[in-house]
Structures are given as C-alpha cells and as structure tokens.
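Heads up: the structure comes next, in structure tokens.
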Amino acid sequence: MHPSMPSETERTLAIRHALVAWFLREGKDYPWRRTTDPWAILVSEIMLQQTTIPTVLGRYEAWLRQYPTPAHLAAASEEEALRSWEGLGYYRRVRSLQATAKAIAERHGGIFPQSPDDLRQLPGIGDYTSGAVLSFAYNIAAPIVDANVSRVQARLDNDPTPIDSTEGRKRHWKRAAELLDPDNPRAYNSAIMELGQTYCTPTSPDCLLCPCREHCLAENPASLPVKTPRPETLEETHHDILCLTGRGILMELQTNGRHLGMYRLPRRTADETRGMRKLGTQKYGVTRYKITRLLYQAPPDTEPRATETFVSLDALPSIPMASPDRKIILKHLPQGN
DNA sequence: GAGCCGTGGTG
DNA sequence: TCACCAAGGCT
C-alpha cells in the first residue's frame, strides 16, 4: 500500500477519533444528555422520532415530570396519555410507549430491560431506538442509524446507494458498527448525530468547519444522500361542523384504527352543510395530504350521530384530539376558552 | 417492502 | 408560499 494512502481501517479510526474529540469539546447540552436513566432516555428517543429537537425541548421535561417512571405511565388512562402527547403527532408512539411501560412494570418486574433482544420485543422500539437506549443509557457498544447517521456516512464514503433501499440500510448499519467507538459508544453515537445536525446538514453542509473534512470523500456533499422520491401530495377538502349548545360542543369520538379514542369535529358531506353559515377555512398538512377544512356553524338542535357526543367546555381541555382540531375550536369558541 | 402516520420549523 | 425535512416503526 502507498505510504501516504491511509488504509480503510486507519481512515475509520481517524473518523471515529475526530468525531469523539469534537463532540467532547463542543457537544451540546440537552436534558436527555444529563441523565443515564433508561426511562428518561427512552422517552427522549420516542419523542425525537421524526420530530425536531426544538419541539421536543418544549415538551420533554414537563412530560417526564408527569410520568417520571414506567409505572406512572402504566397507571395513566389511555385518554390522559394521548392528551399528554397532543401536538407531538404520530400518536401511535405514545400508545406503544404506554404498552412498553406496562410490559416493564408487569413482565420485567419494573426493571428496565438491558439486552437488545428484550428491548426489541417492546412495542415501538425498533433497531434505532434499541441501539440508542443501549448506548446512551448503559454505554453499551450498540450502533445506531438514523437520518443523520446515514447522511453523514453517505457523504464520508461518497456512497450513492439510496439510504432508504434495502441495500442502503444494510450498508449503513454495517458501517455504523465499524465506525462506532467501542470504548465510548455513548459519545460516539451522540457525536455522529450531532454532526448531522450542525455541520453535515441536509441542504447546505458547512464543510469548512467540519471536524471530519480531512477524511470526507464526498465530491458533491449536498447531492448526498440519495433517497427515493417522496409520494405525491394529495389535496382533500373536509366539511366539518361546529355545534355549540348548552350541553357543550358536539365532537366525534373516533372508533377506528390510528385515531381510536381521539376526538375530532363532526364531519359532514358538502351537501349536508348546505345552508349552514360558514365560519372559516383552515389549511394544514397531514403526512402526504394537504387538507382544506371548511368549518360550518350547525344548528343547536343537531342530532348527534352514533359516535358523536356533546363535550362540556370544562372537559374540552382534557380530551385528546389532533392539533388542528384544537386550534380551530379554540379560535371559534367564545373568548377562546 | 411500499405505504402509512402529525406536526412545526425552515430556506 | 410551499416543499422539504426531522434522534422511525409497523403492517
């Protein structure tokens, strides 16, 4: 081998060292980095799934005060748990988290699992979250791959394999395991993710300041990672009613699938809202849907349908519903109750 | 294995 | 304004 050309092993060690040294010097201070309590770590990881750090920072500590141990969440009603998650989205996360809390309380005797197999058995904990809990809580040498890790690795190695393909996932988990610092998995995993949030960002990487710039093979960093295109967004229009009476506000309690146990404004066909006064328009996005909601004032003598019920204004703050519903209701309630 | 799930910030 | 993106997991 040419003496000036580092071997692949040397390069791997150099990247590892550069990341850890940088992180120990400049790593940010987050609440979940001040604890090794596996429950506190798990909660942060579930909240951070597909959710930005600022959003989680605004909710994490208060939520943890409400549910400081798995037993606390296990003892809560599902309605209360859903309500506590409102605004964070992906509500299946909190259902799974509560199921996990119950499993820990009941099957593990309240002792937090410490093996990959036990963790992966728990609902809502996949390969990423399992590795995160093992490394951040216990400092166990478990690799993690998230959007940051795959982006950073794709650039470091100038790897054009689509990161969301089967082949790409396989490569990135293998690479993450190679790069992981066995002597300090906690710092290493934190480091590579933080690099992805600070310098090695999706659209405009700041390569001049990057601690790995000497080791990076990316020819055109901003063009990586390659990923398969997103599905096309679809537009929908909903016709919902606001029916406010002395008995409260009419709400539909959803009885199916993902939204089971959550409330929403009653929905009608365009035809059924004909003649009602239009109160306003709301636009919001839900995953791949772009929704336009037209809100109508329904007469007080509106007959509740099977899954519809009047909710008193006193009870309104404690029932779970999606953010857009909460917002538009508050906007149209007398003096924003 | 592709499609699905919520929301808020950002360029 | 709007498309894109985020510490993924489940079916």
Side-chain angles (χ1 to χ4, degrees), chain A residues 27-28 30-33 40-60 82 85-97 99-100 119-137 142-152 162-170 172-173 176 186 188-198 200-205 222 225 227-235 254 256-260 262 264 282-291 320-327:
Chain A
K28 289 191 170 64
Y30 294 123
W32 45 89
R33 286 190 180 153
I41 299 290
L42 175 63
V43 169
S44 74
E45 293 304 334
I46 300 295
M47 279 193 182
L48 285 161
Q49 286 173 8
Q50 304 293 284
T51 307
T52 58
I53 288 174
T55 299
V56 173
L57 280 176
R59 303 287 297 272
Y60 176 67
L82 283 168
W85 206 259
E86 196 177 297
L88 290 170
Y90 286 131
Y91 296 97
R92 184 172 59 189
R93 293 186 295 176
V94 74
R95 296 183 201 274
S96 298
L97 188 56
T100 280
L119 282 172
R120 284 294 278 103
Q121 293 288 88
L122 297 169
I125 300 186
D127 289 331
Y128 165 79
T129 305
S130 168
V133 170
L134 291 169
S135 60
F136 296 143
I144 54 175
V145 175
D146 73 330
N148 290 302
V149 173
S150 50
R151 181 175 61 256
V152 170
I163 58 170
D164 46 9
S165 66
T166 302
E167 172 67 11
R169 288 197 185 94
K170 199 170 144 189
H172 283 292
W173 277 98
R186 178 184 288 137
Y188 176 82
N189 281 343
S190 299
I192 190 165
M193 285 199 294
E194 185 151 324
L195 189 78
Q197 294 151 10
T198 53
C200 200
T201 58
T203 54
S204 56
K227 55 177 84 170
T228 59
R230 302 197 145 204
E232 164 186 22
T233 61
L234 304 174
E235 298 202 24
Q254 294 169 275
N256 60 335
R258 324 180 285 282
H259 298 299
L260 177 68
M262 297 181 71
R264 76 172 185 205
Q282 181 186 33
K283 291 178 183 291
Y284 62 95
V286 180
T287 63
R288 60 186 293 223
Y289 294 93
K290 197 163 76 178
I291 312 251
M321 67 184 83
S323 277
D325 288 71
R326 178 84 60 192
K327 285 176 189 165

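Convention: sequence-line order gives letters A, B, ...; per-chain numbering from 1. Remember, predicted model here, so these are calculated numbers, not experimental data.
The separation between A/Tyr91 atom OH and B/dC5 atom C1' is 11 Å, rounded to whole Å. Distance, A/His259 NE2 to B/dC4 P: 13 Å, rounded to whole Å. Computed from coordinates, the A/Glu45 CD to C/dA6 P distance equals 16 Å when rounded to whole Å. A/Met47 has its CE atom 13 Å from the C1' atom of C/dA7, to the nearest Å. If you take CG of A/Asp164 and P of C/dG8, they are 13 Å apart, rounded to a whole angstrom. In this structure, A/Gln50 atom CD and C/dC10 atom P are separated by 13 Å, rounded to whole Å. If you measure from atom CZ of A/Arg169 to atom C1' of C/dG9, you get 11 Å, rounded to the nearest angstrom. Between the CZ atom of A/Arg92 and the C1' atom of B/dC4 there is a distance of 8 Å, rounded to whole Å.
Comparing C/dA6 with B/dC5, their C1' atoms are spaced 14 Å from each other, to the whole Å. Spacing between C/dT11 and B/dT7 at atom C1', rounded to whole Å, works out to 23 Å. Going from the C1' atom of B/dA2 to that of C/dA7 covers 23 Å, rounded to whole Å. As rounded to the nearest Å, C/dG9 and B/dG8 have P atoms that lie 22 Å from one another. Nucleotides C/dC4 and B/dG6 place their C1' atoms 15 Å apart, quoted to the nearest Å.
Distance OH/A/Tyr90 to OG1/A/Thr287: 7.0 Å, rounded to 0.5 Å. With rounding to the nearest 0.5 Å, the separation of CZ in A/Arg230 from CZ in A/Arg288 is 11.5 Å.
A/Lys227 has a side-chain polar atom (N or O) that falls below the 4.0 Å cut-off from OP1 or OP2 of C/dA6. Distances shown here put a side-chain N or O of A/Arg151 below 4.0 Å from the OP1 or OP2 atom of C/dA6.
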Residues A/Tyr128, A/Gln49; criterion side-chain hydrogen bond (donor to acceptor under 3.5 Å, both in side chains); working and verdict: CA-CA 10 Å; A/Tyr128 165 79; A/Gln49 286 173 8; over 6 Å; no

Under the side-chain contact (heavy atoms from CB on, under 4.5 Å) rule, what do A/Gln50 and A/Arg93 come out as? Steps first, then yes or no, please. CA-CA 11 Å; A/Gln50 304 293 284; A/Arg93 293 186 295 176; 5.6 Å; no

Take A/Thr100 and A/Leu42, measure what side-chain contact (heavy atoms from CB on, under 4.5 Å) needs, and give me the verdict at the end. CA-CA 10 Å; A/Thr100 280; A/Leu42 175 63; 4.1 Å; yes

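Each of A/Ser204 and A/Tyr289 has a nearest nucleotide on DNA chain B; the 5'-most of these lies closest to A/Tyr289. DNA chain B is contacted by both A/Lys327 and A/Pro231; A/Pro231 maps to the nucleotide lying nearer its 5′ end (nearest heavy atom per residue). Heavy-atom distances to DNA chain C give each of A/Thr52 and A/Gln49 a nearest nucleotide, and the one nearer the 5′ end belongs to A/Thr52.
Using a 4.0 Å heavy-atom criterion, one finds that A/Thr166 contacts the sugar-phosphate atoms exclusively. Backbone-only contact: A/Ala147 has heavy atoms under 4.0 Å from sugar-phosphate atoms and none from a base. No engagement by A/Gly196 is indicated, since no non-hydrogen atom pair under 4.0 Å with the nucleic acid exists. Across all strands shown, A/Arg288 has heavy atoms under 4.0 Å from sugar-phosphate atoms exclusively, and none from any base. At the heavy-atom level, A/Asp127 lies under 4.0 Å from the strands shown only through sugar-phosphate atoms. Looking at heavy-atom distances under 4.0 Å, A/Leu88 makes contact with a base. At the heavy-atom level, A/Ser323 lies under 4.0 Å from the strands shown only through sugar-phosphate atoms.
When each of C/dC5, B/dC5, B/dT7 is scored by its nearest atom to the side-chain atoms of A/Pro324, the top-ranked nucleotide is B/dT7. Of all nucleotides listed (B/dG6, C/dA7, C/dG9), C/dA7 comes nearest to the side chain of A/Asp146.
A distance below 6.0 Å separates the ring centres of A/Tyr60 and A/Trp32.
For A/Thr129 against C/dG9, no side-chain N or O and base N or O form a donor-acceptor pair under 3.5 Å.
Side-chain N or O atoms of A/Arg120 include none that pairs as donor or acceptor with a backbone N or O of A/Ser130 at under 3.5 Å.
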